[in-house]
Student: 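Provided herewith is a single structure, encoded as structure tokens, for subsequent inquiry.
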Amino acid sequence: MWRTIFSDCVGQVQSSDETTTKYTFEGWTFARQLEATAQDTPTHDLAGMLMLRGNHLRIRTSTAAGLALCGAAVVALLSTAVAQAAEPAVSPVVARERVIQPGDIASRYCGAGSCASTACHGAPANTKPDWKHAYTTWMTGGDPHSKAYAVLFEERSLNMLRQLRGLPADAKVAPYQESRCLACHATVATHEIENPTLLSDGVGCEACHGPARDWIADHSLFSWKEQGPQRFEQSGMVDTAPVASRAARCVTCHVGAPASDAYPTRDVNHDLIAAGHPRLNFEFSAYMARMPRHWDEGALRRRQPEMDEVRSYAIGQAVTAQAALALLKDRVTRVAATTADTDPLAGAIWPELSEYDCYSCHHGLRAQTRPAGLSGPGSLVWGTWSMRMPLALAEALSVAPAEALADRTLESRMEKPYATLDAGQLTAAIDARQAILRQLLVRVEDPATSKAAIQDATVQAIFAKPEAATAQWDGSAQRYLALVAIASNALTQNRNQVSADEQAWLDVLAAWRRQLAFGTPGEAQPVPQLKLDSPADYDPASSRQMIERLKAPFLQP
Amino acid sequence: MKLSILSNRIVRSTWAAGLFAVGAAWAAATPAYGQATEDAAAAVQPDAAAQPTAAQADPPKATDAPKAADEPKAAEPKVEFTFLGSSDCQRCHYNGPAAIDRRLGSNTRVTLTESRVWEEHDRHSKAHVVLTGERGKQMAAVLGYDVTNDQRCLSCHSNWQKGHPKPEVFEEGVSCESCHGAASEYGDEHRKKDFWKKTPQEKEETYGLIDVHNPAKRSQQCLSCHVGNTAEGKVVTHDMFAAGHPPLPGIAVESFAERMPPHWQTIGEKTLLSPEDRALITQLLGIKEGELQRSKAVAVSAVATLRESVSLLASQAEEAAQVDGGQWPQLAQFDCYACHHELQSPSWRQAQRTRDFVPWSESASGLIRVRPGRPQPPQWPEALILAAVRHAGESEAESQSLVREYYTKTNALRKVFDTQPFGRPKEIAPEAAQLAAWLDSVMKRLATERVIDAPAVQRFAIALCQSSNELILDYESACQVVNAATVLARDLTANGGSLVGVEAKMKPGVKRVLDELHQMLALPLPPVVTAPADPAERPDPDAKPETKPDHYEQDLANRLKAMMNYNPLEFQAKMKELAKALAE
């Protein structure tokens, strides 16, 4: 059955040697084990036709489990036929990097339904402790992760794929079968699987907690916790209690990630965004706060007395920036391998415009120009979302020598995308920055760094260089989110004692949020029925005023 | 000092840098003629003796001149023409015939108020003054150079072209000589009695008086600034835009000319001409029977506009490709609004990508579209091209084959932008140069071989409305279509004659829809200001010129607001109404 996983790969045979046939498909390189069966080989064309029919069946049945099994069986049968028709007979396989092995990927996942027993994680939503209703909350409590697969059936998703593949508006397309889409919109990145709920679950339990086959039985036993931390490594379960480890799960989709054993490249690049995908602007603590809680927050806090909102914020910033740089490095290496024939969903392009501040280009032209950016008039501005705050934190905490912290080689290399891409020099600059970010993460995770020190550093980062900070929407939005982390820290500590002054400060913060929201009606608002996805009315001067007003309480000794 | 337009044209249509170098060498080898002398003022009196001299100097008529434009002749030293400033021109071309009639007798060919119209109404006369305003100061601060005295600015805001010394008089903005040519050679000569009887070719080659009656030449003069020209150093860069230069509106040559307003008369407006003079002018200018001059200019300039736009792209890409690691993209070569728009969902820009088009392969409409997220050169220069190319064919079959050729060439260029955002300059330059050369040949056919008479104009106007329904046009392209349709409708109504009172004579349906379209796009209707033909009605020569405040900042704000509120579906609905009204 494993062979069915990539039965769609009627694609190019990359190379063929005695033992392995390697294929490139959607950025995956994988090998196939083949059996020598010369007889009952159908013609290739017929197989292709049946193949389409099989896929069609799968679309219809993907939500109905019983029928889906039939569909899978049909596909399995057909794909065997195709494999036999298209490939020469060879003997068993040599394992390679990112080679998909029998039973390797999909079979390690069990599906969210396996967690849903009432006695396990499917209890009613008000049951204590909270982890007892993890499944219920995820499924019915408004967690968008459970709807991630369903959005691939929406018109917007269909149109995206049409645009990327260059198909007319009425072409039949199936984003719900594209591993590049499934990589973040489902639990596994392939639609050729026996258990279709791994798709229809969307981003299910195992997408974050790890494939459960090897721990689903054990983790319900009392002996589970007694095994200590090594139980995670041994079983493949992800320890989501440490904030950095949790954030590292989020960023694989919400920022992006290079290809791994289980997933192809996860990269929302400018092509995808131009085709209709929303921009990714991830901020860990804000996203965590909005996610319906399916875990026992109280217990987590008791176990981690040194953790608070601001430390969690700082860790999230460091992890996000690291992921953004890892993706950039991956993009740089993939550019060389991309040709005109590369599938639009798989390739990498240069300049990669999604690396830059969206709104420094995407704004309607005004009679009066905006203040010039940091790099002179008309330049692209890089790293406004994910790089500025962590760098400011690193400076405030002096995690590295001053000259390393002041080094802006990376920025200057990125802000001249028109020059020919020099992958070597850019990679070196990325590595240097990663070293700083690693230091930052070590420092903010270390319980020896006090909560107060992290809060001071955050405050310093927020209020430094207010003019540059508020020049773009990205800078203001990041600072707003940092202030929210500080505010929620204060509110968590003394929930019932908000003074009049504090309330006034919170009101200013709320007013700033309203200013930063998109589609604020005003002079720049176009046709009213259209929803804006950009800050048309963003005004650096009023954001700067907000920053000054919000700064006041922190000036007092 | 300007290179002759002939050698300039060779450079533009073939993009052979070598030829340009040859031209430059001629220029360098020739001693510069002196500046305007005091004697020039004394020469206002037409010299009776000069007339036979001029007649003797008449070379044989250059009937094979178009051929000469195609194949550069062996080097023959060219006269360098220098700029004198407009004060000499104003002596005669300001106060109408009254002043000069005393000496010359009545002049029925020109109004002699040209310079006054320019000074009082024409924004070109403010081109240098704007550099000294608030916006100019802000730009100077951001860019770090003096915008009132820098060749990069004065190439368009005055007469200082690349590779030439700064003219002595440069504060007059875009003045007479900017379009008519540097006057050192024709300044005195053209006052002589029979100078006007010389061929346009001789006037241009020997005297430097550019043949602006020819719609192709006239367009080229306008486009060199309003689109840009690398050889002449007329290039607005993205840095300039980012520092505050207003976005260049897509030029619609004939419509912009009507807004200047015109300081000239079409042959149909020259009602005082004697039959003999009319016959001679018609022959000299190659005007065909029944041809509507304004409409012809719309068709010819449509092709010229795309040609110049693509040529600029080619030369800019060429420059970037020559320098190792040269700067590309030159963002100003791309459609401003590909990036500069608010993000919206749902968005007509995305519908534009899927509707009607099959990217990377030829669709029913013949155009290919490249992937999302790949900025393209501006769309507006293409808005009229299909209608114009179709009219360049003699028969329906030939028109169709021309349209197919156009798709082949333009699709080849589009594909270059598909490989990576902004494309690679080495791949862009040859494709763009090829398209430009092809457009040049089409433009010549359209200008010299086709007759653009009233029925042809009617067909042209309806074709325009239809093509704008097949595609989703952006704001600037919509403006192109409306501008062109307005000129055609007015010219049809006036039958090539004076536009005075034309609004009242237009079909009410056409006029209403055109008014609504102009309002939707915040395009002011071109005013009808033409110099009265009757000398008795001409302005009082001693009256002081009337200066009105210029509202260009307000106009810019209005235009940008209309652009943001633009909805292509509303535009299409209106164009359907217009097609119906025109066909009635």
Side-chain angles (χ1 to χ4, degrees), chain A residues 156 159-160 162-171 269-276 278-279 335 338-340 344 349-354 358-359 361-369 372-373 376-379 416-420 422 518 523-527 530-536, chain B residues 138 142-143 237-244 246-247 320 324-331 336-337 339-347 350-351 353-361 363 368-374 415 418-422 553-554 556-557 559-561 563-567:
Chain A
R156 179 181 194 159
N159 271 336
M160 273 184 63
R162 285 183 192 121
Q163 302 225 15
L164 286 164
R165 289 265 160 81
L167 302 169
D170 53 355
N269 62 11
H270 188 256
D271 280 5
L272 257 73
I273 297 171
R279 178 202 191 186
V335 169
T338 303
T339 67
I349 43 169
W350 203 262
E352 174 45 65
L353 296 169
S354 67
C358 302
Y359 317 117
C361 297
H362 290 303
H363 58 80
L365 294 181
R366 312 295 180 85
Q368 292 306 316
T369 50
S379 57
K416 291 277 177 217
Y418 3 101
T420 324
D422 186 333
F518 292 173
E523 172 72 13
Q525 176 76 343
V527 192
L530 287 177
K531 186 180 150 286
L532 279 192
D533 286 335
S534 55
Chain B
Q138 178 205 322
V142 178
L143 292 169
T237 62
H238 188 253
D239 280 5
M240 293 182 193
F241 284 129
D324 191 31
Q327 268 211 356
W328 195 260
Q330 288 292 344
L331 292 172
C336 306
Y337 313 105
C339 301
H340 293 306
H341 57 82
E342 295 299 342
L343 303 175
Q344 286 173 358
S345 106
S347 156
Q350 284 177 341
R353 295 273 181 181
T354 44
R355 215 197 90 156
D356 300 333
F357 298 116
V358 182
W360 318 318
S361 64
S363 71
I368 61 157
R369 285 275 142 170
V370 291
R371 303 179 200 196
R374 303 286 200 273
K415 274 184 185 148
D418 192 43
T419 48
Q420 68 176 51
F422 309 110
E553 287 289 349
Q554 188 54 47
L556 175 64
R559 188 161 66 88
L560 293 175
K561 200 170 172 197
M563 194 182 291
M564 192 176 258
N565 288 319
Y566 170 72
N567 178 348

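Here the structure is a predicted model, which is why all the values come from computation and not from measurement. Here is the naming used below: chain letters follow the sequence lines, and residue numbers restart at 1 for every chain. All heavy atoms count here, side chains included; hydrogens, waters and symmetry mates do not.
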Student: Can you tell me how far NE2 of B:H340 sits from NE2 of A:H362, rounded to the nearest 0.5 angstrom?
Tutor: 9.5 Å
Student: Verify side-chain contact (heavy atoms from CB on, under 4.5 Å) between B:L343 and A:R279, making sure each step is shown before the conclusion.
Tutor: CA-CA 11 Å; B:L343 303 175; A:R279 178 202 191 186; over 6 Å; no
Student: Taking all atoms of both residues into account, what is the closest heavy-atom pair of A:W350 and B:P421, and its distance?
Tutor: O-CD, 3.9 Å
Student: Is A:L272 in contact with chain B via its backbone, its side chain, both, or neither, using a 4.5 Å heavy-atom distance?
Tutor: neither
Student: How would you list, by chain and number, every residue that makes a side-chain contact (heavy atoms from CB on, under 4.5 Å) with B:P247, sequence neighbours excluded?
Tutor: A:L365, B:Y337, B:L556, B:R559, B:L560
Student: Looking at every non-hydrogen atom in both residues, tell me the closest pair between B:G373 and A:A274 and how far apart they are.
Tutor: N-CB, 3.2 Å
Student: Over all heavy atoms of both residues, which pair between A:S534 and B:E342 is shortest? Give the atoms and the distance, please.
Tutor: OG-OE1, 2.6 Å
Student: Mind checking side-chain contact (heavy atoms from CB on, under 4.5 Å) for B:Q420 and listing every partner two or more places apart, or none if nothing turns up?
Tutor: B:R424
